[in-house]
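Since the model is a prediction, treat every value here as computed from it, not as a measurement. Numbers restart at 1 for each chain; the letters A, B, ... are given by sequence-line order, proteins then strands.
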Amino acid sequence: MQSLITSVEEFAKTELTPETAENDCRAIDSMCVKINSLKRKLEVTKFEESLYVQRTKIRLEHLEQLTTVTSIDSEEYRRWTKTRLNRIIVEYMLRNGIFDSAEGLAKEFNINDLVDIELFVHARTIESGIKQRRCTECLQWCSDNRAGLRKMKSTLEFNLRLQEYIELVRLRKLSEAIAYSRKYLIPYSDTMWPEIQQAMGLLAFSPNSMVYSQFFDESRWHQLLHQFQTDHNMLNNLPSEPQLITTLQSGLTALKTLSCYQTEDRSVNCPVCDASTFGELAKNLPNSHHVNSCLVCWESGSIMDESNPCLVLPNGYAYSTNAIKEIAALNGGQVICPRTGAVYTMDQVRKAFIS
Amino acid sequence: MESLVKEHAKLLEKQKATASLCASSLEEMLASLSAAKQAIQSAAPDPATKPSLTTSVKRLASQLIDCHKELQQSVSKYAKSVDKRFKTVDLDSVWEDEAVDGKQHIVNKIIAGQFVREGLFDLSEKFMYESRSCEKVSTDDMEMEDNAENPFEGLAELKNQLIEMRDILGEMKNGKLEQAISWARKHSKHLKEKGSSIEFLLHRLQFIQYLKNQDVLSALAYSKANFGPFQKTHMREIQRLSGSVIYAHRISTSPYADLVNPHEFTNVQQLFTREFCSMLGLSTEPPLQLAVTIGTSALPNIIKMATIMKSSSGLEWTSAGELPVEIPLLPANRYHSVFVCPVSKEPGTETNPPMMMLCGHVICHESLNRLSKNSITTRFKCPYCPTESTAAQAIRVHF
């Protein structure tokens, strides 16, 4: 934009004479070319802008839907939590590089606008570049996001340049290395001077020497990868770990009780009781804490409270009133304990008082 | 929330206006440039061409720049209002590595299981394949023996049980309810015992479909044939459905518009999935969905607790054997009995079980010992009622 204005001003300064007509035409042509390229770039940007604005609108609408839900037990709430669950699963898949399934899931439930698939695909290409010892894609990303990275005071770009310099030194292309350092490392001299000094020292030693071995070490690439991931997450305001795991952990610990790990108390509805999956995950998590007793009937699964009091058989096993009434009705007045098989009569059953 | 929506609408308008202004300004510039070119190439050049060209280009350029500045302001304003409305929460503070470390294959199994529960067999296959190949790729730095054990075992069995459900759900997606209705009819006795209304809801959905196609006669015939057994339980709804027939030609603008809401269909699908699974003896809700829903509502408490614990004792919240605060759960989500002794406030365990005294009050074993001074013959008074008893008369209660 700026260059266009300056070229127009220069053009205006020249006098209008028949001899310079040809030059003027050429100048106008070049300005047209500039405008056209600007137009093309703007079209792309505008398209992206409108896409993102649309996306934020859809996300806002999704959140607004929650405000219209009246009760936790309703199907609407279930539907909303289902969408949230799918969104979180897609994010987990994206972070672990499972892109096809993520796209499939997003298409199935129509949540393409609630997740950022392109963002993670792009990040993955950069990561694979780093894994293959290439800094180019990452440097491109750094230059695209320079403003944000500068605000975060990130050292990623400097480290990438340093790594390319190290690779040049490793191959003993010393004159190229020096030229590279002049062009790319010196600009950082006021902030990263000690590192630059050390880098210069590398020129004197061979890659296999003991001194400076930390610079030539392969693990620097792992550190670069890690730094890119951290910076990428911070720039886009993402938590450093998948939301699925964090939420799962808190849910499991809220549900976990001591009975979950005892075979006779296993409930088919409790996720933690499933030893092979959730139970395994919840092993290292703390148990849930309860201030008041809450008793669940083993037979019927209903809660035993004042409307459905707890009755205890002489052998110590307790069930809810409704369950015992049903058992008695099925067995002609006799109460057979479902867990031990012992037979009692209705008057042997005592009421328990839990406060 | 509403103010956010308004802000966003403003932003959307601004963005659209900027985009169109961009396009038009650039077009204008091109037009004025080509006009100036023609003027120069013509025989009698006008001295005023150049200055006028300059001014017009400058004007358009500054217009464009101003417009963009305003857009930028709108965007930052919207961002600020989003930040104000939603508190930023640091999820990293609750991240605990050890709990899930090295167990990624279990998480993948859980996710694949979730898809199978929904009847999305293809998606689960794709996911299983991709996750295994991704695991191999990510660990290729270290040596990894090809794990002969299939981490997704057990899912094949689940799939077999749910094949019928998947087929029925597929038919439902295409709008055909016959299979679902015949399933409901087959299990009608069990469903009635459980108090489920899925059979009626399926008939209702079929009725609504006839209405949507404005096929009033079929709708009435259907209701005559099928609504009979549900008179006692769903009379009001049947009455309402019968009334809706009048508006068959314009149902979406009538008082019965909620009947044709597409969510009605999804709701019945969800309910059907749940009933099918519980009929098979599986858990009613898919476990992952349950855990995540509970987890999300538990997160605010846990975050607060984690920050307090860290700042006061420096410990991670997962190192405690038990959570220090209670996380409220809905009664429907209580799957196990939890006994808390009213005297000592400790939970009942294997080593400290609940004991019921003669009067019927239940306290934990240690409290009982303390009251009876560790002898089985001392008579003591129950803390809650004046009945006296001995420790020998107390029995252990199994919930």
Side-chain angles (χ1 to χ4, degrees), chain A residues 5 8 12 16 21 24-25 28 31-32 35 39 42 46 49 53 60 64 67 75 81 85 97-98 100-101 104 239-241 245-252 254 257 259 267-271 277 280 284-291 293-296 303 312 316-318 351-355, chain B residues 1 8 12 15 19 22 26 29-30 33 37 40 45 47 50 54 57 61 91-92 94-95 98-100 106 110 123 126-127 130-131 134 267 283 287 289-296 298-299 302 320 322-323 326-327 331 334-340 342 356 360-362 395-399:
Chain A
I5 298 180
V8 169
L16 191 63
D24 293 337
C25 286
I28 288 188
M31 280 192 279
C32 283
I35 290 188
K39 200 162 118 180
L42 269 179
K46 287 302 159 196
E49 260 181 34
V53 171
L60 202 59
E64 217 191 334
T67 55
E75 292 292 342
T81 50
L85 175 68
I98 306 177
D100 283 337
S101 308
S240 50
E241 300 292 341
I245 309 290
T246 328
T247 324
L248 198 58
Q249 277 182 324
S250 44
L252 289 178
T257 60
S259 348
S267 153
V268 76
N269 280 320
C270 172
T277 50
E280 191 60 39
N284 292 330
L285 293 173
N287 285 323
S288 58
H289 176 78
H290 296 281
V291 172
S293 304
C294 174
L295 300 173
V296 173
I303 297 202
V312 180
Y317 284 82
K351 196 161 161 196
F353 298 95
I354 319 282
S355 53
Chain B
M1 202 67 186
H8 189 272
L12 188 62
Q15 195 267 331
C22 269
L26 289 175
M29 268 195 232
L30 276 175
L33 275 174
K37 188 170 168 191
I40 294 176
K50 278 200 185 171
T54 326
V57 170
L91 278 183
D92 285 344
V94 267
W95 171 252
E98 293 154 18
V100 188
I106 299 186
I110 292 177
L123 193 57
K126 205 193 312 190
F127 175 71
E130 252 194 297
S131 62
C134 272
N267 290 347
S283 61
Q289 189 166 344
L290 187 66
V292 166
T293 314
I294 293 182
T296 322
L299 264 180
I302 292 197
E322 194 179 288
L323 285 177
E326 172 155 14
I327 303 203
R334 296 295 197 106
Y335 303 113
H336 298 284
S337 293
V338 174
F339 174 73
V340 176
M356 185 170 82
H361 284 113
V362 184
I395 51 172
R396 185 194 154 156
V397 186
H398 294 94
F399 291 114

* To do: Select one option (side chain, backbone, both, neither) describing which atoms of B:Leu12 are under 4.5 Å from chain A's heavy atoms.
  => both
* To do: Enter the distance from B:Glu130:CD to A:Asp100:CG here, rounded to the nearest 0.5 Å.
  => 4.5 Å
* Structure fact -> Distance col, row B:Glu326:CD vs A:Ser288:OG, nearest 0.5 angstrom, shows 8.5 Å
* Asked: Are the side chain of B:His8 and the backbone N or O of A:Val53 linked by a donor-acceptor pair below 3.5 Å?
  -> yes
* Asked: A:Val291, A:Ile303, A:Leu248: which one forms the most heavy-atom pairs within less than 4.5 Å of chain B?
  -> A:Val291
* **Closest approach of A:Leu85 to B:Val292 (non-hydrogen atoms, all atoms of both residues)** => CD1-CG2, 3.6 Å
* Structure fact -> In terms of heavy-atom pairs under 4.5 Å with chain B, the winner among A:Ala318, A:Gly316, A:Gly104 is A:Gly316
* State, to 0.1 Å, how close A:Ser101 and B:Phe127 come at their nearest heavy-atom pair, and which atoms those are. => OG-CA, 3.2 Å
* To do: Check each atom of B:His361 against the heavy atoms of chain A and say whether the ones under 4.5 Å are side chain, backbone, both or neither.
  => both
* **Shortest non-hydrogen contact between A:Ala254 and B:Ala298, atoms and distance** => CB-CB, 4.4 Å
* **Heavy-atom side-chain proximity of A:Val312 to B:Val362 below 4.5 angstrom** => no
